[in-house]
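The analysis underlying the following values was restricted to heavy atoms, covering all of them including side chains, and did not include hydrogens, waters or symmetry mates.
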Amino acid sequence: MDLSNRTVLIVGGTSGIGRELARRFAAAGSTVAVGGRSPESLSELADEGFGTFAVDVTDGSSVASLRDAVLARYPELDTVVTMSGVMLLEDLRDPAHFETAATTIDTNLLGTIRVVDAFTPYLVRRGTGTFVTVTSGIAFLPFPPMPSYAASKAAVHAYSEALRAQLDGTGVGVVELVPPAVATAGQEKVNPHALPLDDFATEVMHLLSQDPTPHEILVKGVLVHRWSERDGTYDDLVAQRSQALAMLPGRQG
């Protein structure tokens, strides 16, 4: 991927990884627009020179409005990064968790599908372009306190694989970004091993610039998650990560 002349939309790019990638694409020479829900963050990004658009990926009409507004302003759009997501604790012994599960799946999985669906006809007509979906190391090595997060990200992985197969021959590629724990959005407070955001973004941009661009963007810090089943470490790592169930409110004391 030539990072110096892309026209990129990052949906869910108002904070954390998305915001940093927006800055990295812009620094490389690409034109970058950002979509998200936070008016304050969108205003800050507009002050930095980004195109900004309000969007709620759980609302189909909001996503359709985003598409129309973005394509009107950026008719050369060729890269859509869809990374809106929520990461929430759930105690599966408590039936009240269902609302959290529904919110998680509606945002992480269905939100991804809504964004992809909105821009697929345009990119296919163009005959060129790239979708970048965002999963997680947790898609491949579950973190038991966040079951629906893990399930939603595993589903986005499977969906990305199918999307890539169905778009084969159209000129539209599908790249899956698989972050490990990154020191942003409070991760650094609960996980001392979280990868510094700057290091993560540098490695991601290096991998994206490879020719050909890998189907999966796997920084070194996520390889232990991605290949745990293949390497025979899966069961031990899940057991180790299950110790974190003690962080659930109902399991304390």
Side-chain angles (χ1 to χ4, degrees), residues 8-19 21-22 33-39 41-42 52-71 77 79-92 95-124 129-167 170 172-179 185 215-217:
V8 184
L9 170 66
I10 302 180
V11 182
T14 54
S15 64
I17 292 172
R19 191 168 186 156
L21 292 181
V34 176
R37 292 190 301 178
S38 167
S41 296
L42 290 172
T52 56
F53 301 86
V55 63
D56 178 355
V57 300
T58 67
D59 181 341
S61 62
S62 177
V63 174
S65 295
L66 167 76
R67 174 200 60 214
D68 295 344
V70 168
L71 294 180
L77 181 74
T79 305
V80 177
V81 183
T82 173
M83 61 187 309
S84 298
V86 294
M87 191 176 190
L88 303 171
L89 296 169
E90 290 174 82
D91 188 340
L92 301 186
H97 87 90
F98 185 85
E99 185 174 344
T100 298
T103 296
T104 301
I105 292 167
D106 194 20
T107 304
N108 297 4
L109 174 58
L110 297 181
T112 295
I113 295 171
R114 289 184 187 102
V115 172
V116 169
D117 281 357
F119 289 95
T120 294
Y122 165 78
L123 291 179
V124 168
T130 305
F131 282 112
V132 180
T133 59
V134 180
T135 58
S136 168
I138 293 175
F140 302 96
L141 184 69
F143 185 57
M146 297 178 175
S148 294
Y149 179 81
S152 68
K153 291 299 187 177
V156 172
H157 166 69
Y159 197 87
S160 301
E161 296 273 287
L163 180 66
R164 184 181 300 115
Q166 291 208 20
L167 294 180
T170 67
V172 181
V174 178
V175 175
E176 178 184 347
L177 173 59
V178 189
H215 286 170
E216 295 178 8
I217 302 300

Asker: Determine whether Val134 and Pro179 make a side-chain contact, defined as any pair of heavy atoms from C-beta on separated by less than 4.5 Å.
Answerer: yes

Asker: So does Val63 get a backbone contact from the side chain of Arg114, meaning a donor-acceptor N/O pair under 3.5 Å?
Answerer: no

Asker: Tell me the closest heavy-atom pair linking Gly137 and Val178, and the distance in Å.
Answerer: N-CG1, 3.8 Å

Asker: If you look at every heavy atom in Thr103 and Val86, which pair is closest and at what distance?
Answerer: O-CG2, 4.2 Å

Asker: Please check: side-chain N/O of Lys153 versus main-chain N/O of Phe140, any donor-acceptor pairing under 3.5 Å?
Answerer: no

Asker: Can you tell me how far CG of Leu71 sits from OH of Tyr122, rounded to the nearest 0.5 angstrom?
Answerer: 5.5 Å

Asker: Is it true that Arg67 and Asp117 have a side-chain N and a carboxylate O under 4.0 angstrom from each other?
Answerer: no

Asker: Identify the heavy atoms of Thr135 and Glu176 that sit nearest to each other, and give their distance.
Answerer: OG1-OE2, 2.7 Å

Asker: One pair to check against side-chain contact (heavy atoms from CB on, under 4.5 Å): Val172 and Phe131. What are the steps and the verdict?
Answerer: CA-CA 7 Å; Val172 181; Phe131 282 112; 4.0 Å; yes

Asker: Would you say the side-chain atoms of Arg19 pair up with the backbone N or O of Gly13, donor to acceptor, closer than 3.5 Å?
Answerer: no

Asker: What I want to check is whether the side chains of Thr133 and Ser160 have a donor and an acceptor closer together than 3.5 Å.
Answerer: yes

Asker: Roughly how far, to the nearest 0.5 Å, is OG1 of Thr58 from CG of Asp106?
Answerer: 5.0 Å

Asker: Say you draw a straight line from CG of Asp91 to NE2 of His97; how long is it, rounded to the nearest 0.5 Å?
Answerer: 8.5 Å

Asker: Step by step, work out the side-chain contact (heavy atoms from CB on, under 4.5 Å) result for Leu167 and Thr120.
Answerer: CA-CA 9 Å; Leu167 294 180; Thr120 294; 4.1 Å; yes

Asker: Measuring from atom OG of Ser61 to atom CG of Leu66, what distance do you get when rounded to the nearest 0.5 angstrom?
Answerer: 11.5 Å

Asker: Using the rule side chain to side chain contact (heavy atoms under 4.5 Å, CB included), only one of His215, Gln166, Arg164 pairs with Val174; which is it?
Answerer: Arg164

Asker: Supply the atom-to-atom distance Phe53 CZ to Leu9 CG, rounded to the nearest 0.5 angstrom.
Answerer: 7.5 Å

Asker: Considering non-hydrogen atoms only, spot the tightest contact between Val57 and Ser84 and give its length.
Answerer: CG1-OG, 3.5 Å

Asker: Looking at CG of Leu89 and OG1 of Thr104, how far apart are the two atoms once the value is rounded to the nearest 0.5 Å?
Answerer: 10.0 Å

Asker: Between the side chain of Tyr149 and the main-chain N/O of Ile138, is any donor-acceptor distance below 3.5 Å?
Answerer: no

Asker: Going through the checks in order, is the side-chain contact (heavy atoms from CB on, under 4.5 Å) test met by Arg37 and Val55?
Answerer: CA-CA 6 Å; Arg37 292 190 301 178; Val55 63; 5.9 Å; no

Asker: For Leu77 and Phe119, run side-chain contact (heavy atoms from CB on, under 4.5 Å): C-alpha distance rounded to whole Å, both residues' side-chain angles, the deciding distance at 0.1 Å, then the answer.
Answerer: CA-CA 10 Å; Leu77 181 74; Phe119 289 95; 3.7 Å; yes

Asker: What is the minimum heavy-atom distance between Thr14 and Val34, and which atoms define it?
Answerer: N-CG1, 3.9 Å

Asker: Closest approach of Gly18 and Met83, non-hydrogen atoms and distance?
Answerer: CA-SD, 3.3 Å

